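Heavy-atom basis, side chains included; hydrogens, waters and symmetry copies ignored. Just so it is clear, the model here is predicted, and its values are computed rather than measured. In what follows, residues are counted from 1 in the order of the sequence shown.
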Amino acid sequence: MNPPVAARASKTSTPSLHDRLKDSSLLRDRCYIDGAWVGTPSRPVTNPVNGVELAKVPAFSTAEATQAVEAAERAFPAWAKLTAKQRSNILRKWFELIAANREDLALILTSEQGKPLAEALGEVDIGGAYVEFFAEEARRVYGETIPTQRPDARLLAIKQPIGVCGAITPWNFPCSMITRKVSPALAAGCTVVLKPANETPLTALALVALAEKAGVPKGVFNILTGNSSAIGKVLCEHPAVRFIGFTGSTEVGKILYQQAAVGVKKLGLELGGNAPFVVFDDADIDAAVEGAIISKYRNMGQTCVCANRIYAQDKIYDAFVEKLSKKVAAMKIGDGTEQGVVQGPLINMDAVLKVEKHIDDAVKGGAKVVTGGKRHALGGSFFEPTVLSNVKSDALVAREETFGPLAPVFRFKDEADVIAMCNNSPFGLASYFYARDLGRVWRVAEALEAGMVGVNTGLITTEVAPFGGVKESGLGREGSHHGMEEYVEIKYVMMAGV
Ligand SMILES: NC(=O)c1ccc[n+]([C@@H]2O[C@H](COP(=O)([O-])OP(=O)(O)OC[C@H]3O[C@@H](n4cnc5c(N)ncnc54)[C@H](O)[C@@H]3O)[C@@H](O)[C@H]2O)c1
Ligand SMILES: O=C[C@H](O)CS(=O)(=O)O
């Protein structure tokens, strides 16, 4: 059992994260490989609010990644041989432990990632919901019998776990991006080696501690922190690894795609987005404002499904911009653990620089800052939630994923005009529009080049739907019963001599 992280006095007078947890044993500073908590804590994890060190984690690399893959390979046969019910029961127990520890998990999450506590609680809840859902799906990996053209033979198709899986996850959702991969993998009978983001490993380590407590056997679920590219290379090239699940930027996704080609590994890629958010003139404008706020400013705009470009039809443009910017200007910004705060700090200063680059480019092209537009008085990586109007359709912010609290509002004339602009992107993850005409809803939903469409809603995330994108937003789907397909291989058996 890993000794809990020693209580560290933070740089400020506020109690340390360790002292604020109900169960401080959830704050882990070692990796978990083959059933043992190992490594020397050396790499600091800091709070984006104030740079205070929360803990240190090991800086592992090639050797440890290889050890983890070999442990997962050894554990695979026994885990795959368990009955679906046995795996389901263990996953159910994991879900119950996540739910029972949701407040501690959310506090760890907010402390290392920055999102408001209310959002972190929501993330832990859906993170747990993926585990609960796939605990149930574990028992529904059905095969089929197939009528054959040979009277002397019988034909069946069976589904079997693909084997050792690598999982590499981003910092923006340190809980749900992990359970969205690991729970279907374990449900299918696979074993996993997880490399979480270096900015937010503590939530992942706590999830593994709870999985261990739930009875996941040694070697089945391994986690290591450290050198991303070196660990990723091992996961892409080791012959025992048969699937790579990656969530992150399209740029890194392409690197992994190339590396995995060497061993012809199956991949699940959940990549970048550039979601259009369209408000037609027959929309409920107040509802559209609410939808734009949750879609744009959730996690300070740091979600892959954030509205990245907002299009408002000419007739309602001014009213929409006025209503939106009034609500945005009223947002409370601060430390996400404080009551009422709805916007925390961005993950780092690079994120701030990207927002500023997009604002500067838009303003140079004639855009107007309606609210926000600059770093917040709190300093550090706090940035004012921003609304721009009169933005040119070819501005940088329309072409690149901002990943920050910036809402550029573009004008459009009609359906054909706006659909052409929406689809003029190499990305196709999420998209949103507000309209009430039934014919328009069908036409636009079918015309948008995206994996997911929100109609009259800015929040589409659920464990029961197939999450994923088209074009350069990725391959495959996570969540829903489709999410199991990543982790199984189909085999058909022709039995002659009947
Ligand atoms: N489609 C989705 O479901 C989804 C969900 C969340 C985030 N994202 C995307 O992720 C991006 C933000 O997350 P991020 O900054 O963590 O992305 P990132 O691509 O920089 O990092 C993602 C993960 O990959 C690791 N990594 C980085 N370089 C690597 C390499 N060469 N080899 C192996 N691993 C490597 C990182 O350590 C991290 O764990 C955004 O583009 C966002 O749209 C997509
Ligand atoms: O950042 C991308 C995540 O997938 C966000 S969520 O799943 O919509 O919460």
J.: Are Arg180 and Phe467 in a cation-pi setup, meaning NZ or CZ lies under 6.0 angstrom from the ring centre and within 45 degrees of the ring axis?
T.: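 Yes, Arg180 sits over the ring of Phe467.
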J.: Honestly, is Arg375 close enough over Phe383, meaning NZ or CZ under 6.0 Å from the six-membered ring centre and within 45° of the axis?
T.: no
J.: Does a salt bridge link Lys413 with Asp314, judged by any charged N lying under 4.0 Å from a carboxylate O?
T.: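 No, this pair does not count.
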J.: Looking at Glu356 and Lys374, is any side-chain nitrogen of the basic one under 4.0 Å from a carboxylate oxygen of the acidic one?
T.: no
J.: Among Asp282, Ile285, Val321, find the one that has a side chain to side chain contact (heavy atoms under 4.5 Å, CB included) with Ile316.
T.: Ile285
J.: Could you check whether any side-chain heavy atom of Phe433 comes within less than 4.5 Å of a side-chain heavy atom of Phe280, counting everything from C-beta outward?
T.: yes
J.: Identify the two heavy atoms, one from Leu448 and one from Cys422, that lie closest to each other, and give their separation to 0.1 Å.
T.: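 Looking at all heavy atoms of both residues, the closest pair is CD2-CB, 3.7 Å.
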J.: Should the heavy atoms of other residues, nucleotides or ligands under 6.0 Å from CZ of Arg411 be counted, would the total exceed 12?
T.: yes
J.: Any side-chain heavy atom of Leu105 within less than 4.5 Å of one from Leu210?
T.: yes
J.: Going by distance alone, is a donor N or O of one side chain under 3.5 Å from an acceptor N or O of the other, for Lys195 and Ser228?
T.: yes
J.: Strictly by modelled atom types, are Asn299 and Gln113 linked by a side-chain donor-acceptor pair under 3.5 Å?
T.: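 Their side chains do contain a donor-acceptor pair, which is all the 3.5 Å distance test asks for.
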J.: Are the side chains of Glu270 and Cys304 in touch, meaning some heavy atoms are under 4.5 Å apart?
T.: no
J.: Indicate yes or no: at least one non-hydrogen side-chain atom of Thr250 is less than 4.5 angstrom from one of Lys471.
T.: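 Not in contact.
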J.: Would Lys181 pass as a cation-pi partner of Tyr130, given that its NZ or CZ must be under 6.0 Å from the six-membered ring centre and within 45 degrees of the axis?
T.: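 Here Lys181 fails the 6.0 Å and 45° test against Tyr130.
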J.: Determine whether more than 12 heavy atoms belonging to other residues, nucleotides or ligands lie under 6.0 Å from atom CD of Glu103.
T.: no
